[in-house]
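Each chain gets a letter, A, B and so on, in the order its sequence line appears, and its residues count up from 1.
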Amino acid sequence: MNRMLTKLTGVGVALALCLMGTTSWVNAQNDLAVTDSMLLSDPAASWLHTNGNLAGHRYSVLTQLNASNADQLNVAWIFSPGGETDAQNTPLYHDGLVYFTQDNTVFAIDARSGRRIWKYEHELPETFGGYNVDFITGKHRGVAILGNHIYFLSNDTKLHAIHYKTGELKFVKQYLHYPEAFDKAEDGDSNGYATTVGPMAIPGGQIIVPLNATDFGGLPGWVYGVNPEDGEVLWECNMIPGPGEPGYESWPGDSAEFGGAGPWITGSWDPDLKMYYTGTANAYPWNPKTRGGGEMDNLGAASVVACSTDTGKAAWRYVAVPGDPWDFDVPQTPMIINIDGRKTVVHPNKTGFIHYLDAATGEFLRAPAFVDRLNWIQGYDVEGRPVGQIDLPVEGGDAVEVWPSLFGGVNMYPNAYNPLTGNLYLAATNAGMDYKFEEIKVIANVRHFGASVEFIWGYEVELAIDVKTGAEVWRDQKGKWGYAGGMLTTAGNLVFYTSQAGVFHATNATTGEILYTFNLGVTPKAGPITYMLDGKQYVVQPVGGVPGWDFQEHHLEHGSMVVAFSR
Amino acid sequence: MRRAVQVATVVMVVMGCLAFDAGLIAQRLAHTESEVPATNPFSGDEKAIKEGRSWFMAVCAPCHGPRANGAAERGPSGADLRVFKRGFEQFVHIVKNGREVGRIGKMPGWGKVLSDELIFQIGAFLETLAIEGAYWGESQTKP
């Protein structure tokens with residue numbers, strides 16, 4: 001029926017149908033399609049983007065739960081996805097359903113009861129594997145929703161469009177070749193792209209698909225814009241500059257071919273500038289000897305890149321760690337915040353600094369530090385260039401002590417921004433590292449890191465930072481190593497997060513007073529979300545993974561849960 | 001190994017080639033395994049240890065940590081290899097074939113990409129990190 005209709009109608013009607021989905025006509029009439037205007041709003045009743053809104057704020061306008069009643073929270077329901085890996089996925093909520101993905105499986109969960117409505121499973125190819133690939137297999141940071149479909153990116157760079165109510169598959173499209181296990185790669189080349197990132201839906205009918213291969217051997221990073229109807233590629237944006245682009249010369253020889261710089265965390269989008277902002281991974285290999293020895297910029301790696309979503313052309317690139325010798329990738333979501341009338345990209349990252357850049361031009365504005373201990377540079381000059389970088393280690397020689405460690409600062413655990421308090425909320429950590437350069441070994445055409453690292457374990461700290469001044473407003477410092485799973489903030493003057501020890505927190509966003517805690521007993525690796533259903537506000541927190549890399553005696557076992565709280 | 005013998009025996013019986021000595025096949029198969037010496041020929045060899053260290057740092061340290069104590073960036077705590085106690089042949093067997101651990105961690109097999117010699121060298125390096133409880137001598141149970 002539907003296929004016939006599509007055939008008979010013109011482009012305009014077909015476009016309208018796109019938004020309604022391709023399941024049966026009867027079904028389509030009951031469906032609540034996600035529209036462009038819904039995508040453009042801050043989260044209220046629904047939570048439609050991994051990062052809450054397009055600007056990456058993780059801020060909800062809901063106020064039913066607020067600083068005066070958060071102490072009355074209770075567990076509303078629990079769902080177990082039976083996950084075997086880290087649960088890194090920030091869920092979505094739409095039309096009575098919570099979406100959660102882990103282990104290449106998507107779950108639609110009844111947002112009232114926590115019962116499973118449908119499950120969509122994808123099996124990875126048998127040869128899938130390779131350098132560091134086991135480490136990320138089964139991890140996903142988000143899904144997107146547009147029209148009547150959930151967009152899920154499995155680890156093998158396949159985009160799956162799945163009907164949001166039925167779990168029925170509309171299409172699967174693979175973008176790039178995935179890495180293969182050393183002993184299974186047929187042509188003896190194990191390099192490939194593996195995706196953990198959440199895709200993002202933007203108005204105008206595009207799904208953003210970031211593609212990363214960095215620590216799997218260093219194939220260069222890309223962001224694709226694709227058609228939500230069939231997954232066809234609309235544009236491609238290269239993270240590393242190509243010939244004729246500024247910075248192309250900052251990669252000597254053929255080093256850009258394995259230079260890394262993959263985007264691996266969902267970025268942000270500005271509706272006026274029509275730019276997608278993403279942070280990028282480290283330059284590859286970690287040992288910089290083949291790419292300028294740390295003396296050349298390697299622009300595009302450890303950078304913020306602004307891609308035009310009309311053309312895919314990079315409007316600008318800013319390198320936060322020129323020649324990145326420290327594995328300081330800066331993949332964190334660049335938040336778009338209006339500061340004193342200027343559209344500003346605010347980017348807390350692994351370096352221990354928060355970079356402020358002009359969203360239109362990429363002009364460097366300032367970079368206040370937020371970590372307790374920092375030695376890799378003294379700071380940034382007015383042009384945004386690092387000043388006073390410490391000496392790099394000598395290959396095969398002694399270790400150099402570096403603060404922060406390559407865990408950051410902040411890492412993959414998402415941060416939030418509350419326009420009412422004017423504060424950023426960071427899932428930060430303090431740690432250092434003893435860092436060495438080693439010979440770069442090659443197996444199955446995969447260049448290895450060429451570096452080794454030992455950590456100087458520090459402590460977890462959740463930070464509130466005044467976005468205008470960069471000054472700390474309050475902190476919730478924990479005794480052990482790790483990070484909160486991620487931050488959520490609301491117009492109810494609240495911040496929600498779960499500490500590495502597995503304790504869910506509701507905290508006063510202005511003062512940092514802890515109003516409510518609940519011991520979930522499982523470590524978190526994802527941020528919470530909030531939604532409104534039947535007049536009741538819920539907060540949902542996924543947990544699952546190994547606490548603090550298991551070295552700091554959190555005394556937690558691996559678990560796997562999605563937990564909802566309400567009053 | 002024992003399974004291979006059984007299979008071989010069954011096949012021979014079925015084929016009616018009773019004259020054919022299944023024991024001989026078993027011996028041949030055993031020979032392939034026994035190319036791994038009972039103890040590490042590179043133990044204490046400075047040059048081999050240096051080479052083994054270099055490969056360990058590149059290939060194994062992301063999971064096992066540069067001190068081989070299991071504390072690593074690619075965590076989640078691979079086994080602490082400083083207390084490896086299954087003996088040399090078992091070491092080689094595990095490194096070549098890997099081990100499914102199920103949840104979260106996985107020990108990949110390296111048999112097709114690292115030569116025996118290199119694996120022995122990595123072993124020689126690891127021996128230098130051994131702490132109380134470690135054992136690198138002849139394996140009590142054969143792989």
Side-chain angles (χ1 to χ4, degrees), chain A residues 82-86 103 129-139 181-185 188 190 215 285-287 327 395-396 399 405-407 433-444 446-455 457 544-552 557-558 560, chain B residues 46-82 92-119 121-122 125-126 129:
Chain A
E84 299 190 329
T85 51
D86 285 1
D103 297 344
Y131 191 43
N132 293 311
V133 174
D134 293 332
F135 172 66
I136 59 88
T137 304
K139 301 180 186 176
F182 288 150
D183 54 352
K184 291 183 187 148
S190 267
D215 281 354
W286 294 9
N287 179 339
D327 182 37
E395 185 178 299
S405 77
L406 56 78
F407 281 135
M433 64 178 173
D434 284 323
Y435 188 71
K436 285 185 186 177
F437 287 150
E438 312 283 351
E439 208 181 302
I440 301 167
K441 303 286 191 192
V442 181
I443 298 179
V446 171
R447 286 132 197 85
H448 285 45
F449 294 153
S452 63
V453 57
E454 267 187 81
F455 295 97
W457 304 111
V546 173
W549 310 86
D550 221 10
F551 314 135
Q552 288 279 299
E557 299 301 326
H558 174 77
S560 174
Chain B
E46 295 268 322
K47 203 163 154 261
I49 291 169
K50 195 158 169 263
E51 191 58 20
R53 179 197 170 279
S54 179
W55 279 94
F56 179 86
M57 290 303 168
V59 182
C60 323
C63 293
H64 288 281
R67 285 181 195 242
N69 60 358
E73 200 249 346
R74 300 284 116 154
S77 8
D80 183 345
L81 299 179
R82 298 170 311 169
V92 176
H93 181 79
I94 293 168
V95 176
K96 279 179 145 176
N97 298 295
R99 203 149 83 187
E100 283 293 336
V101 194
R103 190 187 78 200
I104 300 217
K106 187 175 151 195
M107 168 65 193
W110 301 89
K112 288 198 182 144
V113 290
L114 296 181
S115 68
D116 281 11
E117 187 168 300
L118 260 177
I119 294 171
Q121 289 173 345
I122 294 171
F125 165 66
L126 287 172
L129 305 181

Practice task
Measure B:Trp55 against the heavy atoms of chain A and call it side chain, backbone, both or neither at under 4.5 Å.
Solution key: both
Handout entry: Geometric class of the B:Phe56/B:Phe125 ring pair [parallel <30°, tilted 30-60°, perpendicular >60°]
Key = tilted
Handout entry: Geometric class of the A:Tyr435/A:Trp286 ring pair [parallel <30°, tilted 30-60°, perpendicular >60°]
Key = parallel
Exercise for the section: Look at B:Lys50, B:Arg67, B:Lys112 and state which one has the largest set of heavy-atom pairs under 4.5 Å with chain A. Expected result: B:Arg67
Exercise for the section: Look at A:Asp327, A:Leu406, A:Asp183 and state which one has the largest set of heavy-atom pairs under 4.5 Å with chain B. Expected result: A:Asp183
If you measure from the Lys or Arg side-chain nitrogens to the Asp or Glu carboxylate oxygens, is any gap between [X] and [Y] under 4.0 Å?
X: B:Glu51; Y: A:Lys441; value: yes
X: B:Asp116; Y: B:Lys96; value: yes
X: A:Glu454; Y: A:Lys436; value: no

Handout entry: A:Phe449 versus chain B, the contacting section by heavy-atom distance below 4.5 Å
Key = side chain
Fill in the blank from the handout: When the 4.5 angstrom heavy-atom criterion is applied to A:Asp103 and chain B, the contacting part is neither
